[in-house]
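A quick write-up on the structure given underneath.
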Amino acid sequence: MATVFFDTALLADGWANKVRATIIDGVFAVIETGASPADGEDRHAVAVPGLPNLHSHAFQRGMAGLAETAGPGDDSFWTWREVMYRFVDALTPDDLLAVAAMAQVEMLEGGFTRVGEFHYLHHAPDGRPYADPAAMASALAAACAETGIALTLLPVFYAHSGFGGAAPTDGQRRFVHDVDGYARLLDASAGAIAGLPDAVLGIAPHSLRAVTPEELARIVLLTAGPIHIHIAEQVREVEDCIAWSGARPVEWLLDHAAVDDRWCLVHATHMTADETARMARSGAVAGLCPITEANLGDGIFPARDFLAAGGRFGIGSDSNVLIDGCEELRLLEYGQRLAHRGRNLLAGGGSTGAALWRGALAGGGQALGAPAGIAVGAPADFLTLDTGHPSLAAREGNAILDALVFAAGRSAIDGVWRRGQRVVSGGRHIAREAIVQRYRATLARLLA
Ligand code: ZN
């Protein structure tokens, strides 16, 4: 048992002062407000809950910045994907451990305390399964054990290169399964994460491009946990879906799958007003990745209308080209401002920073199947802020979150705790140095 004292903290029902949190076995057991600090008690000025990062492909951290040079033709998501396929060609489980740990260090430093790994790099470089079908998942779990970040593992089912069951390409050979092989992967993945204290296992049909309707119907029966899918990220994907089925991707999914609050629809960038309203009503979370969506030129999610319809959202670092919770939230709002030429469009009538932080916390927790927030029963995952940061000067309550999201960013995050253990101090992860060194050696080999 341990206690920690906050002069002010963002709790489930809003800001409270003089907060003492009692932590037992890594979980908030008691939260008192209006308390008095005891002599020598671990005391911090401002605490906010750590954010869930609901969508990551950890290995892509290693190719951050490698696809920012113009090619011979027009560059797009699809030419970026070719760079990604080349990067994964030789990656081993040890390489994945090194790259994932680096990404997770930056996630924790950037305000994320749980990651949803949309994990599709399963097989050996020649496309054959490893002796342990979850060898790559075990590498991700080992990275989490090193860095302390919480894991929701979402093993990806990937079988086809396009709508209508098209055969996979050679570049996809490390990703593909049939349904029986995928069921074995899920069993092995449960074993791979068993040593982590609060890991969650879900599933991830990759996209409607990669999964037939029959396969989708079978794999959703394999889990009682979260279900994540990439959807409607690209205009070409929408056009191909219409050519195949007569329906748009989100429309097709809502018509053919029992989409509910266990689902996370990642991107959902290209929707009609009707799809936007229907998706909001479904209770599914929109998995938004504004930095990656901007980097890949995907388009702008209809966030203003989706939230006005009661839709739930969370944020993800996706390609990990830049890992920063504050910047994801800021860009989410700024995309709407640029599109609609207005301000405070996702505020819900109050503070935009608070609406974004609390929305991403609730939606991210839902999508990752884990309680989130500074609340009894939730893991003791929280951030403490540097109140000496100029952008936080004389700020109180929601003005702190507005300043954090729009002005200071991650430079104001001082400490990060996971299950009551401090993993980031002075803005730096406690194992940063060794993890960076190993990452540099791995990249030197991979990119030689
Ligand atoms: Zn993705």
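Every number for a ligand or one of its atoms is a count from 1 in the order of the listing.
- Under the 6.0 Å distance and 45° angle rule, Arg174 does not count as a cation-pi partner of Phe59.
- In summary, Asp180 and Arg218 engage in a salt bridge, as defined by a charged side-chain N under 4.0 Å from a carboxylate O.
- With sequence neighbours excluded, no residue forms a salt bridge (Lys or Arg N to Asp or Glu O under 4.0 Å) with Asp94.
- Residues passing the salt bridge (Lys or Arg N to Asp or Glu O under 4.0 Å) test with Asp178: none are found, sequence neighbours excluded.
- Under the rule for a salt bridge (Lys or Arg N to Asp or Glu O under 4.0 Å), the partners of Arg445 that lie at least two apart in sequence or sit in another chain are Asp95.
- Arg184 has no carboxylate O lying under 4.0 Å from a charged side-chain N of Asp132, or vice versa, which leaves the two without a salt bridge.
- Within the protein, the N, O or S atoms sitting under 2.8 Å from the Zn ion (ligand 1) are His55 NE2, His57 NE2, His230 NE2, Asp318 OD1.
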